[in-house]
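To keep things clear, I will list the structure first and then write my remarks on it.
Note that the structure is a prediction, hence the values are computed from the model and not measured. Every chain is numbered from 1 and lettered A, B, ... according to where its sequence line falls, protein lines coming before strand lines.
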2 protein chains.
Amino acid sequence: MSVMLQMFADCGALSAFPPVSSTLSPQRAMSLAGPLLPPRTVVFLEGLARSPQYRVVDGCVATAQTLVDGRRQIIDLVGPGRLIGLGFGDQNRYSAETLGFTRLEAVSESMAQGERDLALSEMLARSQSLVMLLGRKTAPERVASALIDLAEQFGRAARDRKRRSVTFHLYPTRGDLADWLGLTIETVSRCLTRLKKAGLIEIRHGDLVTVLDPEQLSGVAAGARALTN
Amino acid sequence: MSVMLQMFADCGALSAFPPVSSTLSPQRAMSLAGPLLPPRTVVFLEGLARSPQYRVVDGCVATAQTLVDGRRQIIDLVGPGRLIGLGFGDQNRYSAETLGFTRLEAVSESMAQGERDLALSEMLARSQSLVMLLGRKTAPERVASALIDLAEQFGRAARDRKRRSVTFHLYPTRGDLADWLGLTIETVSRCLTRLKKAGLIEIRHGDLVTVLDPEQLSGVAAGARALTN
DNA sequence: CGTTCACTTGACACTCCTCAAAAGGAGTGG
DNA sequence: CCACTCCTTTTGAGGAGTGTCAAGTGAACG
């Protein structure tokens, strides 16, 4: 699977950063305000002994499951403030990997029960939204929905209030988006191109997205607007 | 919400349920060991004020979300022992509906925190499995996976131990399965036909399913076996 | 200045959806 | 007991949307 090979390549290419590999000792990983993790750092792996819990302070983490034949499905993209590593049994049910420079913060196992409950409920709600998206939405609807979600999670305060436009850093690659939305890289790319040509979004430098028309983008996400080719 | 008359006959034949009128007062439905609810009874509705929590004692409940344009996605099929109505805010995030004659049991809001936590975690894990299924599995894989899940939840003790076959009552209609698996009725039907012709399953009276070859069915579910047309 | 890698674009194939009709069961009334 | 209807399921034919394969573009980096 090409996506996996990309991961390896990226890991190698970025190894100039401090060696915070996945085999990091628990102590150091848990230190309360953790180090800056480079992109494509594996935080923990599906199937291995249960990892500690973290809060994403800054950056982005993808949680994913992989089938035996290599097919990958991203379960969620987690932005600042949200937790990863909850709700496990004795082993991780999914892998977690950074998508950009990311700072994590260890969260004690004995966190407030109410906080844990809330976080679990939120994860469940998001998972159910993804189920709806994957089961019943078309490719353009999926991509539009994804952009709206990312805008909410990663949108900058620096917005054009006049047009209500929002700009955010697009942490996931086309491949990540494809694995999240149940599509292929090519389909994601085509949908983004169509959204650009329709004037609903703008992408600069490959990873800086501006939502120019939130109203219409929501319309596309809901299937109300057709998005002419 | 049409009542499926077919279910009446079959349910009656399968287990000697006491006869119960199909129109129930909410009070009686909420009493601790509730009455027998007929098929297609709406337990609670998405968007309305938060409902109490229930445990499914016997039968089957479908939880589902619906888009504004009517597209429906079943979030989960819930069998005996499992809970519905957890993890909400102030309003229901999905609807719940019985798929066969079903007995519910009210569960207090102040249930043991550990129990609630476990139930939430299980719901999350199942939701994530569904995400994997919807995002990355083909139609035959989805149908085979669904049958395996249903066999585990509803399989009878009366099994042919020799061939390890399992028989269960198929509560969901083809339409329900389609809405669960992100497919259409026709595709579900075609996949079931192919599974029957391949000798992996058998369906009697439309809703009594026997898994004849669990091994190969698992193979199909995992994408290992191709399921020749 | 060439290499690499992500992304884009095009042509084509295939799975699954749509539309349509037939088949199968269950209940109803003659 | 046999039509008759209603509804679900099955089956078929055709088409749309997305995947696959391949080539091309552009940016980052050595």
Query raised in the report: Under the side chain to side chain contact (heavy atoms under 4.5 Å, CB included) test, which residues partner B:Arg190, sequence neighbours left out?
Result: B:Glu186

Query - Results of salt bridge (charged side-chain N to carboxylate O under 4.0 Å, His left out) for A:Asp149 - residues two or more places apart only - result: A:Arg126

Query - Test salt bridge (charged side-chain N to carboxylate O under 4.0 Å, His left out) applied to B:Arg72 - qualifying residues, sequence neighbours left out - result: B:Glu97, B:Asp176, B:Asp179

Requested in this report: Evaluate the side-chain proximity of B:Leu217 to B:Leu227: yes if any heavy-atom separation is below 4.5 Å, no if none is.
Outcome: no

Figure out the [atom1]/[atom2] separation between [X] and [N], and round it to whole Å.
X        : N      : atom1 : atom2 : answer
A:Leu192 : C:dT8  : CG    : P     : 7 Å
B:Glu141 : C:dT15 : CD    : P     : 12 Å
A:Leu170 : C:dC7  : CG    : C1'   : 12 Å
B:Leu208 : C:dG25 : CG    : P     : 15 Å
A:Leu195 : C:dT8  : CG    : P     : 12 Å

Query - For B:Ser51, side chain to side chain donor-acceptor pair (under 3.5 Å) partners two or more places apart - result: none

Query raised in the report: Using a cut-off of 4.0 Å between protein heavy atoms and nucleotide atoms, how would you tag nucleotides 11-30 of chain D 5' to 3' with B, S and -?
Result: BBB----SSBB---------

Query raised in the report: Which residues pass the ring-ring contact (aromatic ring centres under 6.0 Å, His included) test with A:Phe168, sequence neighbours left out?
Result: none

